[in-house]
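These notes concern the structure reproduced below.
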There are 2 protein chains.
Amino acid sequence: MRPLFHPSIEDVTVEAILHALADPVRVAIYADIVAQDCPQNCSNFLTVSDKAVPKSTLSQHFRILREAGLIRSERCGVEMRNISRCTELEQRFPGLIRAIVTAHTIQSADEARARMPAPKRPARRAATK
Amino acid sequence: MRPLFHPSIEDVTVEAILHALADPVRVAIYADIVAQDCPQNCSNFLTVSDKAVPKSTLSQHFRILREAGLIRSERCGVEMRNISRCTELEQRFPGLIRAIVTAHTIQSADEARARMPAPKRPARRAATK
DNA sequence: TCCATAGTTCCGCAGTTCAGAACTATTGAA
DNA sequence: TTCAATAGTTCTGAACTGCGGAACTATGGA
């Protein structure tokens with residue numbers, strides 16, 4: 001097993017970050033890692049957005065996030081602890097990560113709304129807003 | 001020739017945007033289109049960052065930018081005028097486009113600095129470590 | 001020592017991207 | 001009208017990339 005590679009922050013490229021986060025599964029995983037304060041292990045994500053993700057695929061996804069400089073992974077016993085490198089990234093590319101995670105949140109909310117069964121409207125008279 | 005397809009703004013996805021801009025040629029083209037106020041035609045980009053880009057490849061790149069919702073293209077005589085859809089995008093995903101373009105600018109500046117021939121330092125009496 | 005758990009690597013298939021060649025569309029000149 | 005020039009698109013095969021099942025490695029208990 002080759003040792004885990006983490007690029008130093010000045011070697012991190014915009015292209016690698018965007019490529020890593022251009023995948024719906026990876027962006028969901030990453031948004032979750034950013035949201036949680038404590039390290040997440042890989043197998044927390046064996047299902048993402050109610051879809052099963054095979055272990056091998058998951059492993060690749062984590063490698064791509066790691067090699068793009070988005071997360072830091074360290075082995076801890078039998079598991080892997082993954083944390084985001086937000087602070088470093090914020091220094092290098094101010095606003096980038098937050099904007100992407102926010103955009104992802106907006107889109108997820110839209111999708112959730114679109115999936116809503118009956119888009120019950122409030123009665124006309126008592127308008128919200 | 002099929003007519004040009006432009007997604008409506010609410011159909012634009014973060015994934016498509018990130019995928020489109022995860023390519024060094026495309027992000028360079030897009031940053032340029034955003035920077036210029038007037039529409040740009042495709043063949044302005046037959047060379048990007050001093051590298052020749054084949055016409056067919058360029059055409060694909062523009063299609064991807066267009067179908068991601070990043071630019072609007074319209075035929076104007078024999079050429080194509082391309083403008084960015086910044087304003088709409090800013091409404092849908094606030095801060096996203098600006099953060100990406102800024103990050104790209106930072107990185108380009110870094111790369112330019114790294115290519116500098118002699119990184120002349122101010123003479124520091126003692127040796128350089 | 002053996003097993004369970006967590007993750008990685010290998011590998012074939014499917015899908016994507018690249019770039020050259022041929023094509024279409026529009027304009028302007030003869 | 002016809003022809004040529006310009007700008008961009010589509011087609012196509014070769015190269016590349018990504019997904020996921022099977023086999024593997026590493027670690028920690030029993």
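The sequence lines fix the lettering, A, B, ..., with proteins before strands; numbering per chain opens at 1.
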Quiz prompt | Integer-rounded Å distance: D:dG8 P and B:Leu46 CG | solution = 8 Å
Self-check item: Distance in angstrom units between B:Arg66 CZ and D:dG8 P, rounded
Solution: 11 Å
Practice problem: Indicate yes or no: does A:Arg92 engage B:Asp110 in a salt bridge with an N to O separation below 4.0 Å. | Solution: yes
Quiz item: Taking CG from B:Leu4 and C1' from D:dT10, how many angstroms apart are they, rounded to a whole number?
Solution: 14 Å
Quiz item: Between C:dT17 and B:His19, is there an OP1 or OP2 to side-chain N/O distance shorter than 4.0 Å?
Solution: yes
Quiz item: If you look at every strand shown and take non-hydrogen atoms under 4.0 Å, does B:Asn44 touch a base, only sugar-phosphate, or nothing?
Solution: nothing
Quiz prompt | Protein-nucleotide distance (B:Asp23, atom CG; D:dT17, atom C1'), rounded to Å | solution = 14 Å
Self-check item: Distance in angstrom units between A:Ile64 CD1 and C:dT8 C1', rounded
Solution: 14 Å
Quiz item: Within this structure, what is the CD-to-C1' distance between B:Glu79 and C:dT27, rounded to whole angstrom?
Solution: 11 Å
Quiz item: A:Ile71 versus A:His6: any side-chain heavy-atom pair under 4.5 Å?
Solution: no
Quiz item: Counting only heavy atoms not in B:Asp11, do more than 12 fall under 6.0 Å of its CG?
Solution: yes
Quiz prompt | A:Arg72 and A:Glu88 ion-paired at < 4.0 Å | solution = yes
Practice problem: Take atom NZ of A:Lys55 and atom P of C:dA4, then tell me their distance rounded to the nearest Å. | Solution: 14 Å
Quiz item: At under 4.0 Å between heavy atoms, what does A:Ser43 touch on the DNA or RNA strands: base, sugar-phosphate, or nothing?
Solution: sugar-phosphate
Exercise. Decide yes or no for A:Arg66 and A:His61: does some side-chain heavy atom of the first lie under 4.5 Å from some side-chain heavy atom of the second?
Key: no
Self-check item: Nearest-nucleotide 5' precedence on DNA chain D, A:Gln60 against A:Arg75
Solution: A:Gln60
Self-check item: C:dA19 phosphate, OP1 or OP2, under 4.0 Å from B:Thr57 side-chain N/O
Solution: yes
Self-check item: Spacing of B:His61 atom NE2 relative to D:dA7 atom C1', expressed in whole Å
Solution: 17 Å
Exercise. Between B:Ser56 and B:Val78, name the one whose nearest nucleotide on DNA chain D is closer to the 5' end.
Key: B:Val78
